[in-house]
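One structure below.
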Amino acid sequence: MSLTDREPGTASIPPEPSPVTRRPRATVADVVRALTEGVPPIRITGYDGTGVGPADSGITLTVRSERGLSYLITAPGDLGLARAYVSGDLVLDGVHPGDPYEALRLLKDELRVRTPTVTEMVELVRRLGWERLLPPTPPPQEALPRWRRLMGGLRHSRSRDSTAISHHYDVSNAFYERVLGPSMTYTCAVFRSGQDTLEQAQTAKYDLVAQKLGLRSGMRLLDVGCGWGGMVRHAAREYGVRALGVTLSAAQAQWAREAIEREGLTGLAEVRHLDYRDAPRERFDAVSSIGLTEHVGVRNYPGYFVALRDRLRPDGRLLNHCITRADNRAPHRSGAFIDRYVFPDGELAGPGRLIGEIHDVGLEVQHEENLRRHYALTLAAWGRNLVANWEDCVGEVGAGTARVWGLYMAGSRLAFERNGIQLHQVLATRTGPDGRSRHPLRPDWTP
């Protein structure tokens with residue numbers, strides 16, 4: 001008699017149920033394979049011991065925790081990567097956190113990202129566990145999303161601009177001293193050659209601006225968005241100009257005032273904690289705006305350039321120096337990482353839009369040049385400074401914020417090198433209604 005036979009009148013014994021076939025838990029390597037095509041250019045490993053990519057690449061990216069994996073899944077793209085990296089849940093070995101340029105270059109050039117189908121994504125999450133879809137708390141360095149910033153005022157209102165500027169610039173003056181160097185200049189330098197030091201290049205930039213503006217002893221200069229007062233102090237010290245700078249950063253204004261006093265420039269140079277819209281309504285011989293336009297908002301360009309125009313005397317010169325898109329048709333708003341970790345509410349337009357807006361408020365553009373490659377060299381120098389002073393910088397602002405800066409500067413350097421963004425200087429004059437101008441027929445500065 002077999003085990004399945006039964007005698008008449010006896011109850012049948014049901015067979016034991018077969019065990020449910022469970023899909024194995026998804027690994028970090030499975031997630032990487034689902035989100036990419038081909039072999040990654042660097043080694044990618046996980047907290048679970050799995051990995052993909054060449055073992056001898058020299059650079060390894062490690063997802064160190066389940067929280068890090070949740071960051072990547074709940075915010076696909078640069079925001080999730082930034083959250084995991086800033087929090088320390090994503091680590092790059094083989095590059096310094098102060099300058100991860102080489103890793104970013106490899107990933108941009110050779111990593112092929114794909115978007116899984118809905119079916120693939122559902123299956124992946126089911127194997128990971130649905131709890132992975134619960135977004136972890138972002139790192140403290142992250143600014144609020146755009147929709148929540150409405151509580152602080154409309155975009156580019158005075159109150160909201162003040163908060164955005166404070167997020168970026170009121171970090172630590174000591175931190176900026178170590179990264180920017182003695183000039184405390186957080187804008188693109190001008191290099192005569194690749195052998196110039198950062199300080200030589202920053203001095204050359206200030207000289208170029210001063211010469212384009214035709215500064216001479218006794219003239220009056222307004223520098224809007226003056227930062228730590230670099231242009232103000234240079235114009236007063238080197239050209240005998242009475243220079244006023246305004247900045248929305250209280251920390252910058254305090255540092256600049258102390259520097260003016262140290263250098264014996266009191267009476268010639270002054271820095272005030274002011275919005276550019278509240279700068280004195282006087283007629284200046286020249287106005288410089290070096291790195292402010294990125295913060296004012298593209299829709300505010302007309303009012304911004306009117307404000308600068310109205311502070312110029314007839315035939316006065318304006319020098320506007322700012323980052324731009326390479327394409328006039330590109331979106332104005334920045335990506336998630338830049339918006340949430342670096343420049344909240346920052347916007348960029350193409351050079352054509354910039355020049356057009358300057359023309360449309362009645363200013364006459366006299367000269368324009370692109371310093372894109374110079375900014376790549378500037379960022380490389382700042383990255384070297386951050387690496388050299390890494391421990392001190394971490395001591396000042398914490399490891400998370402220091403990582404933000406390393407990532408931001410390396411990524412920006414790559415964008416300038418690849419012509420993703422540019423840096424344009426535009427020189428314009430307040431020409432009278434009769435068209436007469438005292439501007440020279442040919443440039444009166446050394447290019």
Side-chain angles (χ1 to χ4, degrees), residues 95-102 104-105 168-169 171-212 223 225-235 237-238 245 247 249 251-252 255-256 259 262-263 288 290-292 294 319 321-323 342-343 369-394 396-397 401-402 404-417 421-425 446-447:
V95 291
H96 194 285
D99 188 13
Y101 169 83
E102 187 58 28
L104 297 187
R105 185 191 65 78
H168 188 68
Y169 294 104
V171 176
S172 160
N173 283 333
F175 170 81
Y176 280 109
E177 286 173 348
R178 291 173 173 84
V179 175
L180 304 180
S183 74
M184 280 295 272
T185 301
Y186 186 31
T187 48
C188 174
V190 174
F191 291 79
R192 301 298 179 189
S193 75
Q195 284 67 51
D196 284 357
T197 67
L198 177 61
E199 291 306 302
Q200 289 171 329
Q202 291 293 12
T203 297
K205 184 267 299 295
Y206 285 136
D207 268 334
L208 181 62
V209 172
Q211 291 169 26
K212 285 182 176 180
D223 185 39
C226 68
W228 291 271
M231 183 65 204
V232 168
R233 290 180 287 118
H234 185 88
R237 183 179 60 247
E238 305 299 329
T247 173
S249 167
Q252 287 182 334
W255 192 98
R262 276 196 314 270
E263 296 178 22
S288 55
I290 307 173
L292 173 61
E294 299 89 335
L319 190 287
H321 167 123
C322 72
I323 301 170
V342 185
F343 291 113
E369 69 174 308
N370 180 9
L371 299 173
R372 171 182 66 83
R373 292 185 295 167
H374 295 258
Y375 217 153
L377 292 172
T378 305
L379 285 155
W382 290 340
R384 289 192 294 272
N385 284 346
L386 181 55
V387 170
N389 296 287
W390 179 254
E391 296 302 328
D392 287 340
C393 288
V394 169
E396 279 293 325
V397 300
T401 299
V404 168
W405 281 87
L407 187 62
Y408 151 63
M409 291 191 297
S412 297
R413 173 187 168 189
L414 192 61
F416 279 108
E417 287 178 347
I421 48 179
Q422 300 174 346
L423 188 289
H424 285 262
Q425 278 193 356
T446 303

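Positions are given from 1 along the sequence.
- If you take CD on Q211 and CG on L319, they are separated by 11.5 Å, rounding to the nearest 0.5 Å.
- The heavy-atom pair separating D99 from G383 by the smallest distance is CB-O, 4.3 Å.
- Here the SG-CG distance, from C188 to L423, works out to 4.0 Å after rounding to the nearest 0.5 Å.
- Looking at E417 and Y101, their side chains do bring a donor and an acceptor atom within 3.5 Å of each other.
- Taken to the nearest 0.5 Å, the NE2 atom of H321 stands 11.0 Å off from the CE atom of M231.
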Check the pair Y408 / W382 against side-chain contact (heavy atoms from CB on, under 4.5 Å), numbers first and verdict last. CA-CA 11 Å; Y408 151 63; W382 290 340; 5.6 Å; no
side-chain contact (heavy atoms from CB on, under 4.5 Å), that's the test. Do L198 and N385 meet it? Break it down for me. CA-CA 10 Å; L198 177 61; N385 284 346; 3.8 Å; yes
Does the side-chain contact (heavy atoms from CB on, under 4.5 Å) test come out yes or no for K212 and L208, once each step is laid out? CA-CA 6 Å; K212 285 182 176 180; L208 181 62; 3.8 Å; yes
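- For F191, the ring-ring contact (aromatic ring centres under 6.0 Å, His included) test picks out no residue, with sequence neighbours left out.
- Applying the side chain to side chain contact (heavy atoms under 4.5 Å, CB included) criterion to A415, with sequence neighbours excluded, gives I421.
- Sorted by first and then second residue, the pairs that involve residues 200-209 and meet side chain to side chain donor-acceptor pair (under 3.5 Å), not counting sequence neighbours, are T185-Y206, T187-K205, T197-Q200, Q202-K205, D207-H234, D207-Y239.
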Residue pair F175, W405: steps toward the ring pair (Phe, Tyr, Trp, His ring centres under 6.0 Å) verdict: CA-CA 11 Å; F175 170 81; W405 281 87; 5.7 Å; yes
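- One distance of note links CH2 of W228 with OH of Y176; it measures 5.0 Å at 0.5 Å rounding.
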Quick one, T378 with F416, criterion side-chain contact (heavy atoms from CB on, under 4.5 Å). Give me CA distance, side-chain angles, the key distance, then yes/no. CA-CA 10 Å; T378 305; F416 279 108; over 6 Å; no
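- At least one donor-acceptor pair closer than 3.5 Å links the side chain of E199 to the backbone N or O of S183.
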